[in-house]
Amino acid sequence: MPFEIIRADITKLSVDAIVNAANASLLGGGGVDGAIHRAAGPALLAECRTLNGCLTGEAKITKGYQLPAKYVIHTVGPIWEGGEKGEAKLLKSCYVQSLNLAVAHKLESIAFPLISSGAYGYPKDQALQMAITVISDFLMHNDMMIYLVVYDQKAFVLSEKLFASVQAFIDLHYVEEHALFNQRRFEKIRSCVTESQHEYKPSRSLDDVMQELQETFSEHLLRLIDLKGKTDVETYKRANIDRRLFSKIRSDKYYKPSKNTVLSLAIALELNLDETKDILQKAGYALSRSSRFDVIIEYFINEGNYDIFEINETLFAFEKTTLGV
Ligand code: AR6
């Protein structure tokens with residue numbers, strides 16, 4: 001199941017569990033901890049008192065009380081002391097232990113704040129990278145809807161290098177639309193002229209063409225999955241889409257997916273630009289140079305970078321929206 005980065009107040013989310021970036025006493029504090037206790041009401045503190053605190057890197061679960069979330073998973077992140085004191089290992093453990101608790105309680109959805117990135121001073125870009133890495137590894141072997149909640153504007157920092165190259169690609173391609181339109185028109189006219197000068201020689205048999213024409217999006221996708229030697233599970237996980245959505249596509253030959261779903265699957269199958277355009281066309285869509293979203297996808301395909309979580313990090317930074325789900 002998928003992973004989404006969202007900008008929200010975690011106390012407002014209707015998920016099975018929200019994660020609290022707590023301190024070792026588990027008796028409340030500032031930041032997200034304070035906000036969760038305020039929203040949950042005093043019964044949360046009463047239950048926390050029975051837990052005897054929590055060690056750094058570990059996690060404990062309580063009910064959600066007045067929160068829309070059913071549970072709160074309290075975890076204690078490391079205090080940043082320069083990075084040489086095992087902070088990364090401890091931060092990783094916070095995510096892993098919280099996710100393990102969620103599995104043990106058979107939870108289907110969970111929302112994390114960026115643990116340690118506030119009062120505890122962990123550099124936000126590294127905290128974000130850690131969250132993304134652990135969550136994406138986990139999702140390769142587990143089914144859960146996971147939200148990573150980014151609260152303040154500054155929390156979201158793409159690596160400068162990636163940001164600069166995506167920005168350069170957008171600048172080059174996005175603004176070129178007008179010139180491109182004229183160029184396309186010119187090419188179309190030219191190809192009409194050339195075609196009329198040549199005898200039409202079909203390169204494929206009529207049967208082949210009919211076969212291709214009749215292939216629906218669903219059939220095309222299933223054929224590509226086989227062709228690329230992937231499994232269904234691998235495909236929908238890499239696409240960051242829900243297993244149930246994938247089953248619908250598989251069982252309904254005429255399923256009409258959203259453009260977002262098609263692009264997610266194209267990334268999962270590591271399709272090149274032409275193959276991506278083909279599969280989009282099967283579902284009635286096209287890549288547009290006047291959509292920044294599409295230009296960013298094109299950038300990653302050109303780079304041969306099919307890491308959906310890195311793509312989503314970038315889409316979120318530029319467009320406040322992501323692939324999959
Ligand atoms: N929803 C989502 N994220 C939030 C919210 C919210 N309502 N409020 C803050 N954040 P912090 P820490 C973000 O300081 O660094 C407490 O006093 C915030 O922008 O809450 O792990 C505890 O009791 C930041 O990115 O937690 C501990 O003593 C992230 O949540 C100590 O702070 C974490 O910031 C823990 O420090």
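All ligand and atom numbering here is 1-based and tracks the order in the structure. Numbers here simply count residues along the sequence, with the first being 1.
- Atom OH in Tyr306 sits 6.5 Å away from atom CD1 in Ile267 (nearest 0.5 Å).
- Applying the 4.0 Å criterion to heavy atoms of Val149 picks out, from ligand 1, the atoms 2 (C).
- A donor and an acceptor atom, one from each side chain of Thr261 and Ser264, are nowhere located under 3.5 Å apart.
- Set against the non-hydrogen atoms of Asp33, the atoms of ligand 1 under 4.0 Å away are 22 (C), 23 (O).
- Without hydrogens or angle criteria, Asn260 side chain to Leu323 main chain gives no donor-acceptor distance under 3.5 Å.
- Taking any N or O of Val32, backbone or side chain, at least one lies under 3.5 Å from an N or O belonging to ligand 1.
- A salt bridge links Arg223 to Glu215: at least one charged side-chain nitrogen sits closer than 4.0 Å to a carboxylate oxygen.
- From Leu148, atom CG reaches atom CG of Asn312 across 11.5 Å, with rounding to the nearest 0.5 Å.
- Below 4.0 Å from some heavy atom of Gly30 lie the following atoms of ligand 1, by number and element: 16 (C), 17 (O).
- Near Lys124, the atoms of ligand 1 lying under 4.0 angstrom from a non-hydrogen atom of the residue are 25 (O).
- Each of Arg243, Arg238, Arg250, Lys237 was scored for a salt bridge (Lys or Arg N to Asp or Glu O under 4.0 Å) with Asp232, with one residue passing: Arg250.
- Applying the side chain to side chain contact (heavy atoms under 4.5 Å, CB included) test between Ile18 and each of Val149, Ile10, Ile73, Ile110 identifies Ile10 as the sole match.
- Those atoms of ligand 1 with a heavy atom of Ala21 less than 4.0 angstrom away are 21 (O), 22 (C), 26 (O), 35 (C).
- Residue nearest to atom 12 (P) of ligand 1, selected from Gly29, Ala24, Gly121, Ser116: Ser116 (by heavy-atom distance).
- Residue contact check: Asp9 has heavy atoms under 4.0 Å from atoms 1 (N), 6 (C), 7 (N) of ligand 1.
- Between the side chains of Ser25 and Asn23, a donor-acceptor pair is found at a separation under 3.5 Å.
- Considering backbone and side-chain N/O atoms, Pro113 never comes within less than 3.5 Å of an N/O atom of ligand 1.
- Backbone and side-chain nitrogen or oxygen atoms of Ala119 are examined, and one is located within less than 3.5 angstrom of a nitrogen or oxygen of ligand 1.
- Every heavy atom of Gly77 sits 4.0 Å or more from the atoms of ligand 1.
- Between Glu275 and Lys228 there is a salt bridge, with a side-chain nitrogen of the basic residue lying less than 4.0 Å from a carboxylate oxygen of the acidic one.
- Some N or O of Tyr120 is nearer than 3.5 Å to an N or O of ligand 1, by distance alone.
- Considering each of Tyr151, Phe112, Trp80, the one bringing a non-hydrogen atom nearest atom 5 (C) of ligand 1 is Tyr151.
- Atoms of ligand 1 lying under 4.0 Å from at least one heavy atom of Gly31, given by number and element, are 20 (O).
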